[in-house]
Each structure stands twice: as structure tokens, then as C-alpha cells.
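Here is the structure we will look at, set down as C-alpha cells.
Every value quoted in this text rests on a predicted model; they were computed, and no experiment measured them.
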Amino acid sequence: MSETARVAILMGSQSDWSVMKRAADVLGELGIACNSKIISAHRKPGRLADFIDEAHGAGVEVFIAGAGMAAHLPGVVASQTNRPVLGVPIESGSLKGMDALLSIVQMPPGVPVGSLGLGAAGAKNAGLLAAQILALADPELAERLAKWRADAAAALPEDPEDE
């Protein structure tokens, strides 16, 4: 665990990294340190509990958890922390991610998970939402985030081009 990581990005398997990397990328662009770990809620529950305990001690302020299929990882993380948990449903299996989306959205009262959209766009938005949460108490980060958003808006062309 990095001592300076403010965000922990968790995923259930290696195959989830191609999606969850989008959250890590945007956090890196904004200068926010993060840790990324593969920890299955079903296959490694002990490792998950240990990681969350370590993350609390190391100063992690926001958790981003991505999972497909039953997608229990975000909810299990939320059950073990009072810090914000952002859930990213990952497309997989025969239901194409709808099962993951519904699992993350339908948390029981008292165990909130901020649910994002499916896949890469959801992961990128999870990184941005984590930055917005952190920026509430970090004016320098708030400035970097405002610049990032202004740059992204300025990069949007006004007129379509032929491909």
C-alpha cells in the first residue's frame, strides 16, 4: 500500500483492469495518487478485509470498486468502510453487465455505493467523481480539476470532420 494513495481502485479479476485503468488514468492526469488491486469479494474475502484496514491506516479517502456479474465487490467494500465507495459495473457474462449494474445500484439501506455507468465511461467518471470528492477539501486539486474540465471542453470540435 502506497503511503500517499488517496484513492484505492479495486477489481475482482485481471480482466477488469482494461476497464478500471480508465479511473487510474484520469486520477493520474489530475495528480492524485492511487493504488490498484485485484481482490475478489468471493474468492479472497480475507484479503479484502485486510486491504481495507490497511487502506484506512494509509490515508485512502475514496474507494472505487469495479466488478462484473454478481458484482458484490463494491457493496462488500462499502460494508467495511465509512468512506465513499464508487461502484463501476463491468460488462461480462451473458447479461452484458446488466446484472452487475443492478447489483451495484440495489444496495440495502445503510450501505451506500455511488453507482456509475457500465464499463470504461463509468470507470473514467468514477475517477472524476473521486477527484471531485477530494477537491471539496483540497483547493489546489479543485483548480487542477477545473482546468482539466476546461481543457476537455476546449478539445471538443465545433464542426464535424469526415473520417
Side-chain angles (χ1 to χ4, degrees), residues 1-108 110-135 138 141 144-145 148 152:
M1 171 86 52
S2 166
E3 292 297 320
T4 60
R6 298 179 72 187
V7 178
I9 300 173
L10 305 175
M11 64 213 82
S13 67
Q14 177 63 47
S15 62
D16 298 337
W17 179 238
S18 64
V19 170
M20 298 307 293
K21 186 175 184 328
R22 302 315 196 290
D25 289 346
V26 76
L27 290 168
E29 291 172 23
L30 292 165
I32 301 169
C34 65
N35 282 329
S36 301
K37 295 288 180 195
I38 299 168
I39 306 178
S40 170
H42 297 117
R43 292 174 283 207
K44 293 288 188 177
R47 182 194 296 173
L48 178 59
D50 291 345
F51 179 84
I52 292 169
D53 286 343
E54 291 173 21
H56 288 157
V60 168
E61 299 171 67
V62 179
F63 291 88
I64 299 173
M69 301 175 77
H72 289 126
L73 183 60
V76 172
V77 172
S79 76
Q80 297 181 41
T81 186
N82 289 326
R83 298 189 181 142
V85 177
L86 307 176
V88 178
I90 295 177
E91 184 178 331
S92 63
S94 61
L95 298 178
K96 306 293 185 209
M98 288 305 296
D99 48 349
L101 175 64
L102 293 174
S103 178
I104 293 171
V105 167
Q106 297 185 114
M107 291 302 300
V111 187
V113 171
S115 302
L116 282 296
L118 275 165
K124 183 173 185 174
N125 281 340
L128 288 169
L129 187 54
Q132 289 176 312
I133 291 167
L134 296 172
D138 184 339
L141 174 56
R144 291 194 308 271
L145 182 59
W148 188 96

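Between Ala135 and Leu145, the shortest heavy-atom distance links the atoms CB-CD2, 4.4 Å. Considering every non-hydrogen atom in both Val105 and Ser115, the closest pair reads CA-OG, 3.5 Å. Residues Val113 and Ala78 come closest through the heavy atom pair CG2-CB, 3.6 Å. A pairwise comparison of heavy atoms in Gly117 and Pro89 identifies O-CD, 3.5 Å as the closest pair. Contact detail for Ala41 and Pro45: the closest heavy-atom pair is O-CB, 3.7 Å. For Ala131 against Leu141, the heavy-atom pair with the smallest separation is O-CD2, 3.6 Å.
Of the residues listed (Leu116, Val88, Leu86, Val26), the one engaging Asn125 in a side-chain contact (heavy atoms from CB on, under 4.5 Å) is Leu116, and it is the only one.
At least one donor-acceptor pair under 3.5 Å links the side chain of Arg144 to the backbone N or O of Leu30. For Asp16 (side chain) and Gly12 (main-chain N/O), a donor-acceptor pair under 3.5 Å exists by modelled atom type. At distances below 3.5 Å, not a single donor-acceptor pair connects side-chain atoms of Arg83 with backbone N or O atoms of Phe63. The backbone N or O of Arg47 lies less than 3.5 Å from no partner atom in the side chain of Asp50, so there is not a single donor-acceptor pair. Listed for the Arg22 side chain is a donor-acceptor partner under 3.5 Å among the backbone atoms of Ser18.
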| Can Trp17 and Ile38 be said to form a side-chain contact (heavy atoms from CB on, under 4.5 Å), step by step? | CA-CA 8 Å; Trp17 179 238; Ile38 299 168; 6.0 Å; no
| Leu48/Leu10 under side-chain contact (heavy atoms from CB on, under 4.5 Å): CA gap, chis, key distance, verdict | CA-CA 9 Å; Leu48 178 59; Leu10 305 175; 4.0 Å; yes
| request: Assess whether side-chain contact (heavy atoms from CB on, under 4.5 Å) is satisfied between Met20 and Ile90, documenting all intermediate values. | output: CA-CA 9 Å; Met20 298 307 293; Ile90 295 177; 4.0 Å; yes
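Side-chain contact between Leu95 and Leu102: absent, with no pair of heavy atoms (C-beta onward) separated by less than 4.5 Å. At a threshold of 4.5 Å between non-hydrogen side-chain atoms, the residues Met11 and Val19 do not count as touching.
Within 6.0 Å of the CE atom in Met69, the count of heavy atoms belonging to other residues, nucleotides or ligands does not exceed 12.
Residues forming a side-chain contact (heavy atoms from CB on, under 4.5 Å) with Ala71 (at least two apart in sequence, or on another chain): Ala67, Ala100, Ser103, Ile104.
Separation of atoms CG (Asn35) and CZ (Arg6) is listed at 13.5 Å; rounding is to 0.5 Å. In this structure, Glu29 CD and Lys124 NZ are separated by 6.5 Å, a value rounded to the nearest 0.5 Å. Once rounded to the nearest 0.5 Å, the distance linking CD1 of Ile32 with OG1 of Thr4 reads 12.0 Å.
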